[in-house]
Amino acid sequence: MKVILFGATGMVGQGCLRECLLDTDVEDVLAVGRSPTGQRHTKLREIVHDNFLDFSSLESQLAGFDACFFCLGVSSVGMSEERYRHLTYDITMAAATTLAKLNPRMVFVYVTGAGTDSTEQGRSMWARVKGKTENDLLKLPFKAAYMFRPAGIQPLHGIKSRTAWYQALYVAAAPLLTLLNRVAPRYMTTTEKLGRAMIGVARDGYPRSVLESEDINAI
Ligand SMILES: NC(=O)c1ccc[n+]([C@@H]2O[C@H](COP(=O)([O-])OP(=O)(O)OC[C@H]3O[C@@H](n4cnc5c(N)ncnc54)[C@H](OP(=O)(O)O)[C@@H]3O)[C@@H](O)[C@H]2O)c1
(Lines give C-alpha, C1' and ligand atoms only; values in the text may rest on other atoms or scores of the structure.)
Protein backbone atom coordinates (compact mmCIF):
# COMPACT_ATOMS: atom_id res chain seq x y z
CA MET A 1 0.00 0.00 0.00
CA LYS A 2 1.01 3.56 -0.69
CA VAL A 3 -0.08 5.74 2.21
CA ILE A 4 -0.53 9.47 2.84
CA LEU A 5 -0.29 10.51 6.47
CA PHE A 6 -1.50 13.81 7.93
CA GLY A 7 -0.51 14.78 11.49
CA ALA A 8 2.64 12.63 11.58
CA THR A 9 4.26 14.94 14.15
CA GLY A 10 1.41 14.46 16.65
CA MET A 11 0.95 11.70 19.20
CA VAL A 12 -1.50 9.63 17.16
CA GLY A 13 0.33 10.35 13.90
CA GLN A 14 3.73 9.33 15.33
CA GLY A 15 2.19 6.02 16.34
CA CYS A 16 0.66 5.53 12.93
CA LEU A 17 3.94 6.42 11.20
CA ARG A 18 5.86 3.92 13.35
CA GLU A 19 3.48 1.09 12.42
CA CYS A 20 3.52 2.04 8.73
CA LEU A 21 7.31 2.00 8.63
CA LEU A 22 7.38 -1.42 10.31
CA ASP A 23 4.61 -3.03 8.23
CA THR A 24 5.73 -4.92 5.13
CA ASP A 25 2.33 -4.27 3.45
CA VAL A 26 3.08 -0.53 3.48
CA GLU A 27 5.39 0.30 0.62
CA ASP A 28 5.57 4.11 0.80
CA VAL A 29 4.51 6.78 3.27
CA LEU A 30 4.07 10.40 2.27
CA ALA A 31 3.78 12.62 5.35
CA VAL A 32 2.10 15.96 4.70
CA GLY A 33 2.57 18.45 7.53
CA ARG A 34 3.33 22.04 8.40
CA SER A 35 6.57 20.91 10.05
CA PRO A 36 8.94 17.99 9.32
CA THR A 37 8.83 14.80 11.39
CA GLY A 38 12.61 14.74 11.85
CA GLN A 39 12.61 11.06 10.90
CA ARG A 40 14.53 9.36 8.11
CA HIS A 41 13.50 6.06 6.52
CA THR A 42 13.71 4.59 3.04
CA LYS A 43 9.88 4.34 2.87
CA LEU A 44 9.24 7.90 4.09
CA ARG A 45 8.88 11.05 2.00
CA GLU A 46 7.64 14.36 3.36
CA ILE A 47 5.94 17.48 2.10
CA VAL A 48 6.01 20.56 4.29
CA HIS A 49 3.02 22.68 3.35
CA ASP A 50 1.82 25.97 4.79
CA ASN A 51 -1.78 26.36 3.62
CA PHE A 52 -3.94 23.50 4.87
CA LEU A 53 -7.06 24.96 3.26
CA ASP A 54 -5.61 24.74 -0.26
CA PHE A 55 -3.77 21.71 -1.59
CA SER A 56 -4.04 22.61 -5.28
CA SER A 57 -0.30 23.27 -5.64
CA LEU A 58 0.41 19.70 -4.40
CA GLU A 59 -2.06 17.84 -6.62
CA SER A 60 0.56 16.23 -8.85
CA GLN A 61 2.19 14.73 -5.71
CA LEU A 62 -1.02 13.51 -4.05
CA ALA A 63 -2.26 11.03 -6.70
CA GLY A 64 -1.71 7.27 -6.86
CA PHE A 65 -2.27 6.42 -3.18
CA ASP A 66 -4.21 3.53 -1.63
CA ALA A 67 -4.87 4.98 1.81
CA CYS A 68 -4.88 8.19 3.80
CA PHE A 69 -4.49 8.14 7.58
CA PHE A 70 -5.73 11.49 8.81
CA CYS A 71 -4.32 12.03 12.32
CA LEU A 72 -4.25 15.84 12.19
CA GLY A 73 -6.50 17.35 14.85
CA VAL A 74 -6.61 19.74 17.79
CA SER A 75 -8.11 19.84 21.26
CA SER A 76 -11.13 22.14 21.56
CA VAL A 77 -10.13 23.25 25.07
CA GLY A 78 -10.29 27.05 25.28
CA MET A 79 -11.23 27.44 21.61
CA SER A 80 -14.21 29.22 20.06
CA GLU A 81 -16.55 27.09 17.95
CA GLU A 82 -15.53 29.06 14.85
CA ARG A 83 -11.81 28.43 15.40
CA TYR A 84 -12.33 24.76 16.28
CA ARG A 85 -14.52 24.26 13.19
CA HIS A 86 -11.88 25.91 11.04
CA LEU A 87 -9.10 23.64 12.36
CA THR A 88 -11.24 20.49 12.41
CA TYR A 89 -13.85 20.63 9.66
CA ASP A 90 -12.34 23.05 7.13
CA ILE A 91 -8.82 21.58 7.09
CA THR A 92 -10.00 17.96 7.03
CA MET A 93 -12.51 18.56 4.24
CA ALA A 94 -10.01 20.57 2.16
CA ALA A 95 -7.54 17.68 2.28
CA ALA A 96 -10.12 14.93 1.85
CA THR A 97 -11.91 16.59 -1.08
CA THR A 98 -8.62 16.94 -2.94
CA LEU A 99 -7.62 13.34 -2.18
CA ALA A 100 -11.01 11.89 -3.20
CA LYS A 101 -10.78 13.68 -6.55
CA LEU A 102 -7.27 12.35 -7.22
CA ASN A 103 -7.58 8.85 -5.68
CA PRO A 104 -10.91 7.08 -6.31
CA ARG A 105 -9.43 3.80 -5.01
CA MET A 106 -8.34 5.37 -1.74
CA VAL A 107 -9.42 4.22 1.74
CA PHE A 108 -9.65 7.25 4.04
CA VAL A 109 -9.24 6.79 7.80
CA TYR A 110 -10.13 9.74 10.05
CA VAL A 111 -9.16 9.82 13.71
CA THR A 112 -12.01 11.50 15.52
CA GLY A 113 -12.92 10.66 19.15
CA ALA A 114 -15.26 8.75 21.48
CA GLY A 115 -18.49 10.68 22.01
CA THR A 116 -18.58 12.23 18.54
CA ASP A 117 -22.13 13.38 17.80
CA SER A 118 -23.41 12.02 14.49
CA THR A 119 -26.67 14.01 14.86
CA GLU A 120 -24.64 17.29 14.79
CA GLN A 121 -27.30 18.67 17.18
CA GLY A 122 -26.03 17.85 20.68
CA ARG A 123 -24.81 20.20 23.39
CA SER A 124 -21.11 19.44 23.12
CA MET A 125 -19.44 21.79 20.66
CA TRP A 126 -16.46 19.58 19.78
CA ALA A 127 -18.71 16.53 19.34
CA ARG A 128 -21.03 18.37 16.92
CA VAL A 129 -18.09 19.63 14.83
CA LYS A 130 -16.46 16.19 14.71
CA GLY A 131 -19.88 14.68 13.87
CA LYS A 132 -20.38 17.04 10.92
CA THR A 133 -16.81 16.28 9.77
CA GLU A 134 -17.41 12.52 9.94
CA ASN A 135 -20.77 12.78 8.16
CA ASP A 136 -19.37 14.83 5.30
CA LEU A 137 -16.28 12.62 4.93
CA LEU A 138 -18.59 9.61 4.57
CA LYS A 139 -20.27 11.33 1.58
CA LEU A 140 -17.03 11.70 -0.41
CA PRO A 141 -16.39 9.26 -3.29
CA PHE A 142 -13.60 7.25 -1.63
CA LYS A 143 -13.42 3.49 -2.08
CA ALA A 144 -14.21 3.43 1.66
CA ALA A 145 -13.96 5.77 4.64
CA TYR A 146 -13.59 4.77 8.30
CA MET A 147 -14.11 6.96 11.33
CA PHE A 148 -11.93 5.91 14.28
CA ARG A 149 -13.33 7.03 17.62
CA PRO A 150 -10.76 6.15 20.28
CA ALA A 151 -11.39 7.12 23.90
CA GLY A 152 -8.14 7.18 25.92
CA ILE A 153 -4.88 6.57 24.07
CA GLN A 154 -1.68 5.44 25.76
CA PRO A 155 1.46 6.51 23.90
CA LEU A 156 4.01 3.69 23.58
CA HIS A 157 7.53 3.22 22.20
CA GLY A 158 8.79 6.65 23.30
CA ILE A 159 6.02 8.55 21.50
CA LYS A 160 5.23 11.82 23.22
CA SER A 161 2.23 14.12 23.33
CA ARG A 162 2.93 17.65 22.04
CA THR A 163 0.93 19.05 24.96
CA ALA A 164 3.30 19.22 27.95
CA TRP A 165 0.70 18.62 30.66
CA TYR A 166 -0.81 15.66 28.75
CA GLN A 167 2.68 14.19 28.49
CA ALA A 168 3.30 14.64 32.24
CA LEU A 169 -0.02 12.89 32.89
CA TYR A 170 0.83 9.99 30.56
CA VAL A 171 4.15 9.46 32.35
CA ALA A 172 2.63 9.69 35.85
CA ALA A 173 -0.30 7.43 34.98
CA ALA A 174 1.58 4.90 32.83
CA PRO A 175 1.00 1.90 35.16
CA LEU A 176 -2.71 2.70 35.44
CA LEU A 177 -3.05 3.18 31.66
CA THR A 178 -1.33 -0.17 31.07
CA LEU A 179 -3.81 -1.82 33.46
CA LEU A 180 -6.79 -0.09 31.84
CA ASN A 181 -5.62 -1.26 28.43
CA ARG A 182 -5.80 -4.81 29.73
CA VAL A 183 -9.10 -4.66 31.63
CA ALA A 184 -11.09 -1.90 29.88
CA PRO A 185 -10.65 -2.11 26.09
CA ARG A 186 -13.85 -0.07 25.64
CA TYR A 187 -12.11 2.95 27.13
CA MET A 188 -8.43 2.66 26.21
CA THR A 189 -6.20 1.84 23.32
CA THR A 190 -2.54 2.47 22.50
CA THR A 191 -0.76 4.32 19.73
CA GLU A 192 0.44 0.92 18.49
CA LYS A 193 -3.03 -0.69 18.34
CA LEU A 194 -4.43 2.43 16.67
CA GLY A 195 -1.74 2.44 13.98
CA ARG A 196 -2.08 -1.32 13.40
CA ALA A 197 -5.87 -1.00 13.10
CA MET A 198 -5.62 1.84 10.55
CA ILE A 199 -3.39 -0.30 8.36
CA GLY A 200 -5.70 -3.30 8.91
CA VAL A 201 -8.91 -1.56 7.75
CA ALA A 202 -7.13 0.03 4.79
CA ARG A 203 -5.93 -3.40 3.68
CA ASP A 204 -8.88 -5.66 4.63
CA GLY A 205 -11.89 -3.35 5.13
CA TYR A 206 -14.27 -3.46 8.11
CA PRO A 207 -18.01 -4.21 8.41
CA ARG A 208 -18.82 -0.76 9.90
CA SER A 209 -17.65 2.71 8.96
CA VAL A 210 -17.50 3.97 12.57
CA LEU A 211 -15.08 2.16 14.89
CA GLU A 212 -15.02 2.59 18.66
CA SER A 213 -12.06 1.66 20.92
CA GLU A 214 -13.27 -1.93 21.27
CA ASP A 215 -13.35 -2.37 17.47
CA ILE A 216 -9.91 -0.77 17.14
CA ASN A 217 -8.44 -3.08 19.80
CA ALA A 218 -9.97 -6.18 18.19
CA ILE A 219 -8.43 -5.64 14.73
N1 LIG B 1 -4.57 12.15 22.26
C2 LIG B 1 -5.67 11.51 22.64
O3 LIG B 1 -5.76 10.92 23.74
C4 LIG B 1 -6.85 11.44 21.69
C5 LIG B 1 -7.98 10.69 22.06
C6 LIG B 1 -9.06 10.60 21.18
C7 LIG B 1 -9.00 11.25 19.97
N8 LIG B 1 -7.90 11.98 19.62
C9 LIG B 1 -7.89 12.68 18.33
O10 LIG B 1 -6.77 12.29 17.58
C11 LIG B 1 -6.36 13.38 16.74
C12 LIG B 1 -4.86 13.60 16.93
O13 LIG B 1 -4.62 13.86 18.30
P14 LIG B 1 -3.13 13.94 18.89
O15 LIG B 1 -3.25 13.67 20.35
O16 LIG B 1 -2.21 13.18 18.06
O17 LIG B 1 -2.82 15.51 18.70
P18 LIG B 1 -1.40 16.24 18.74
O19 LIG B 1 -0.37 15.40 19.40
O20 LIG B 1 -1.66 17.60 19.28
O21 LIG B 1 -1.00 16.34 17.18
C22 LIG B 1 -1.77 17.13 16.32
C23 LIG B 1 -1.26 17.01 14.91
O24 LIG B 1 -2.05 17.88 14.07
C25 LIG B 1 -1.19 18.85 13.44
N26 LIG B 1 -1.86 20.13 13.37
C27 LIG B 1 -2.54 20.75 14.37
N28 LIG B 1 -3.01 21.95 13.93
C29 LIG B 1 -2.61 22.08 12.63
C30 LIG B 1 -2.79 23.08 11.64
N31 LIG B 1 -3.47 24.22 11.89
N32 LIG B 1 -2.25 22.88 10.42
C33 LIG B 1 -1.54 21.75 10.16
N34 LIG B 1 -1.35 20.75 11.06
C35 LIG B 1 -1.88 20.92 12.29
C36 LIG B 1 0.03 18.93 14.34
O37 LIG B 1 1.11 19.45 13.59
P38 LIG B 1 2.30 20.31 14.28
O39 LIG B 1 3.25 19.27 14.83
O40 LIG B 1 2.86 21.09 13.16
O41 LIG B 1 1.66 21.13 15.36
C42 LIG B 1 0.20 17.47 14.75
O43 LIG B 1 0.82 16.74 13.72
C44 LIG B 1 -7.21 14.60 17.14
O45 LIG B 1 -8.25 14.76 16.21
C46 LIG B 1 -7.77 14.18 18.49
O47 LIG B 1 -9.04 14.76 18.75
C48 LIG B 1 -6.83 12.08 20.46
Side-chain angles (χ1 to χ4, degrees), residues 4-19 29-39 46-55 58 68-79 82-96 98 108-117 124-134 137 146-171 173-174 176-177 180-181 186-195 197-198 210-217:
I4 297 190
L5 174 57
F6 284 80
T9 52
M11 188 183 105
V12 172
Q14 289 173 60
C16 180
L17 177 59
R18 177 183 186 274
E19 299 313 316
V29 183
L30 176 63
V32 181
R34 62 181 174 180
S35 47
T37 63
Q39 295 202 40
E46 299 198 39
I47 297 177
V48 176
H49 188 59
D50 58 4
N51 183 356
F52 274 69
L53 294 178
D54 182 3
F55 294 93
L58 303 182
C68 174
F69 300 143
F70 201 91
C71 307
L72 186 163
V74 292
S75 162
S76 65
V77 176
M79 243 184 231
E82 188 187 10
R83 178 87 184 131
Y84 184 66
R85 190 186 308 111
H86 170 74
L87 294 173
T88 301
Y89 181 84
D90 294 347
I91 285 182
T92 308
M93 292 309 294
T98 304
F108 190 92
V109 179
Y110 178 53
V111 182
T112 153
T116 291
D117 176 8
S124 163
M125 180 276 278
W126 76 263
R128 282 195 309 269
V129 174
K130 287 265 198 192
K132 165 99 179 129
T133 311
E134 283 191 359
L137 286 173
Y146 296 100
M147 307 296 120
F148 274 40
R149 293 183 180 179
I153 304 170
Q154 181 180 19
L156 296 180
H157 310 297
I159 287 165
K160 291 188 170 51
S161 170
R162 316 214 8 118
T163 313
W165 70 269
Y166 278 8
Q167 181 55 27
L169 200 67
Y170 287 131
V171 171
L176 176 65
L177 297 180
L180 285 175
N181 256 301
R186 287 178 67 182
Y187 304 107
M188 280 304 293
T189 188
T190 67
T191 48
E192 180 180 336
K193 288 180 189 164
L194 203 46
M198 287 188 229
V210 175
L211 289 83
E212 307 285 347
S213 282
E214 235 173 359
D215 301 297
I216 292 164
N217 290 332

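Each ligand, and each atom within it, is numbered from 1 in the order the structure gives. Any value given below was found using the heavy atoms of this structure, including those in side chains, with hydrogens, waters and symmetry copies removed. Throughout, residue positions are numbered sequentially from 1 according to the sequence presented.
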Quiz prompt | Distance from atom 7 (C) of ligand 1 to nearest protein heavy atom, with residue and atom | solution = T112 O, 3.0 Å
Practice problem: Among all protein heavy atoms, pick out the one at the shortest distance from atom 25 (C) of ligand 1; state its residue, atom name and that distance to 0.1 Å. | Solution: L72 CG, 3.8 Å
Self-check item: Test item: Q14 side-chain N/O and G10 main-chain N/O as donor-acceptor pair under 3.5 Å
Solution: yes
Self-check item: Residue part near ligand 1, for R34, under 4.0 Å between non-hydrogen atoms
Solution: side chain
Self-check item: Heavy-atom proximity to atom 1 (N) of ligand 1, best of M11, R162, R149
Solution: M11
Quiz item: In terms of residue, atom name and distance, what is the protein heavy atom nearest to atom 2 (C) of ligand 1?
Solution: I153 CD1, 3.7 Å
Quiz item: Does T163 come within less than 4.0 angstrom of ligand 1, counting non-hydrogen atoms of the residue?
Solution: no
Self-check item: Side-chain heavy-atom pair M198, C71 within 4.5 angstrom cut-off
Solution: yes
Exercise. Among all protein heavy atoms, pick the one closest to atom 16 (O) of ligand 1 and tell me residue, atom and distance.
Key: V12 N, 2.8 Å
Exercise. Flag the pair D50 / R34 as yes when at least one side-chain heavy-atom distance between them is below 4.5 Å, and no otherwise.
Key: no
Practice problem: For ligand 1, note which part of L87 has a heavy atom under 4.0 Å away: side chain, backbone, both or neither. | Solution: side chain
Exercise. Return the residue, atom name and 0.1 Å-rounded distance of the protein heavy atom closest to atom 22 (C) of ligand 1.
Key: G73 O, 3.2 Å
Quiz item: Which pair of heavy atoms, one from F108 and one from F70, lies closest together, and at what distance?
Solution: CZ-CB, 3.7 Å
Quiz item: Tell me, do I153 and T190 make a side-chain contact under 4.5 Å, heavy atoms counted?
Solution: no
Practice problem: Please examine the side chains of R186 and E212, heavy atoms only from C-beta on, and report whether any two atoms are closer than 4.5 Å. | Solution: no
Quiz item: Which residue and non-hydrogen atom of the protein lie closest to atom 5 (C) of ligand 1, and at what distance in Å?
Solution: A151 O, 3.2 Å
Quiz item: Is the closest heavy-atom distance from P150 to ligand 1 below 4.0 Å?
Solution: yes
Quiz item: Quick one: does ligand 1 sit under 4.0 Å from the side chain of S75, the backbone, both or neither, non-hydrogen atoms only?
Solution: neither
Quiz prompt | OH/Y187: more than 12 non-hydrogen atoms of other groups inside 6.0 Å | solution = no
Self-check item: Minimum-distance protein heavy atom relative to atom 37 (O) of ligand 1
Solution: T9 OG1, 3.3 Å
Quiz item: With side chains defined as the heavy atoms from C-beta onward, is the minimum distance between R162 and T9 less than 4.5 Å?
Solution: yes
Quiz prompt | Nearest neighbour in protein (non-hydrogen) for atom 10 (O) of ligand 1 | solution = V111 CG1, 3.4 Å
Exercise. Could you tell me whether Y170 approaches ligand 1 through its side chain, its backbone, both or neither, with non-hydrogen atoms closer than 4.0 Å?
Key: side chain
Practice problem: Tell me, please: is G152 in heavy-atom contact with ligand 1, that is, under 4.0 Å? | Solution: no
Quiz item: Does the T116 side chain pair with the main chain of G113, one donor and one acceptor, at a distance under 3.5 Å?
Solution: yes
Exercise. Please confirm whether V74 comes within less than 3.5 Å of ligand 1 when only nitrogen or oxygen atoms on both sides are compared.
Key: no
Quiz item: Does any non-hydrogen side-chain atom of T189 lie less than 4.5 Å from one of Q154?
Solution: no
Exercise. Please could you name the atoms of ligand 1 that G7 approaches to less than 4.0 Å, counting only its heavy atoms?
Key: 43 (O)
Exercise. Check if C71 has a non-hydrogen atom at a distance under 4.0 Å from any atom of ligand 1.
Key: yes
Self-check item: Heavy-atom side-chain contact between T112 and T133 under 4.5 Å
Solution: no
Exercise. Mark the output for K130 as yes if a heavy-atom distance to ligand 1 is under 4.0 Å, and as no if none is.
Key: yes
Exercise. Spell out, as yes or no, whether a donor-acceptor pair under 3.5 Å connects the side chain of T191 to the backbone of L156.
Key: yes
Practice problem: Of the side chain and backbone of I91, name the one, both, or neither that has a heavy atom under 4.0 Å from an atom of ligand 1. | Solution: side chain
Quiz item: Can the ring centroids of Y89 and H86 be said to lie less than 6.0 angstrom from one another?
Solution: no
Exercise. Pick whichever of G10, S35, S161 has a heavy atom sitting closest to atom 18 (P) of ligand 1.
Key: G10
